Amino acid sequence: MNKTIVNILLISLGISSVFAGEVKGNVKYIGKPPKVKSLRMDADPVCASAHKEKAKAESFVVDSNGNLANVIVYLKDVKFSGKTPSEPVVLDQAGCVYTPHVMGVQAGQPVKILNSDATMHNIHGLPKVNREFNFGMPKTLKEKTINFDKSEDVFVIKCDVHPWMKSYTQVFDHPYFSVTDKDGSFSIPNVPDGTYEIVAWQEKFGSKRTLSQKVTVKSGEAVVNFEFSRPKKK
Ligand SMILES: [Cu+2]
């Protein structure tokens with residue numbers, strides 16, 4: 001039986017295509033990277049003493065080969081009717097830094113927020129589509145679980161006690177997203193065969209300068225690479 005017939009049979013049974021592949025690749029920054037800034041945590045001795053060396057800002061993490069971390073890479077406008085994961089995504093407040101700095105989550109999926117510090121954090125999320133949230137996490141409150149009902153483009157989650165604490169979250173209505181590692185790599189598994197728009201977002205470049213291209217998945221691996229660069233001066 002050929003693949004098309006199998007697919008039609010499966011779709012008629014309410015099962016989405018079994019032909020799927022992995023979309024993977026690498027994100028690079030071309031150009032001289034900006035200087036890495038240290039975070040000034042002097043305002044809270046608990047935060048400052050958590051770091052032997054000063055913690056570095058994670059808004060632009062690039063290695064000596066130009067590999068760019070903390071980039072959200074995702075497929076745009078994908079239909080997905082599968083289950084929402086019950087496994088939580090974890091956002092930790094440790095050493096007065098959010099880990100991860102950038103994350104993706106599915107709508108309805110639990111987000112477990114941890115306070116690993118012996119200090120007070122006030123976690124303040126600024127989504128526009130989902131409901132804004134803002135609550136204190138004293139050192140005695142070690143975890144709290146929230147979730148986002150709707151898919152939404154990236155927004156800030158910050159701490160109102162420690163102004164340097166910022167993280168970015170995007171909510172998806174499908175599981176086809178990834179965040180680049182320190183080596184700039186990403187992997188989106190189990191993507192059904194098809195042609196998609198794939199988007200890369202990095203916080204310094206913002207929503208106006210997201211990169212996008214087309215990718216076709218056909219029972220196997222599709223490799224997509226992105227390159228961010230400084231805007232050319234006119
Ligand atoms: Cu804080």
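Each ligand, and each atom within it, is numbered from 1 in the order the structure gives. This is a predicted model, so every value here is computed, not measured. Keep in mind that the numbers below use all heavy atoms, side chains included, and drop hydrogens, waters and symmetry copies.
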Among the N, O or S atoms of H162, the one nearest the Cu ion (ligand 1): ND1

Check SG atoms, C47 and C96, less than 2.5 Å apart: yes

Interatomic spacing from NE2 in H174 to CD in Q106 - rounded to 0.5 Å: 8.5 Å

N, O or S atom of C159 closer to the Cu ion (ligand 1) than 2.8 Å: yes

Three-point angle H121:ND1, the Cu ion (ligand 1), M165:SD, rounded to the nearest 10°: 90°

ring-ring contact (aromatic ring centres under 6.0 Å, His included) partners of residues 177-196, not counting sequence neighbours, each pair once: F172-F177

Set of side-chain contact (heavy atoms from CB on, under 4.5 Å) partners for S49, sequence neighbours left out: none

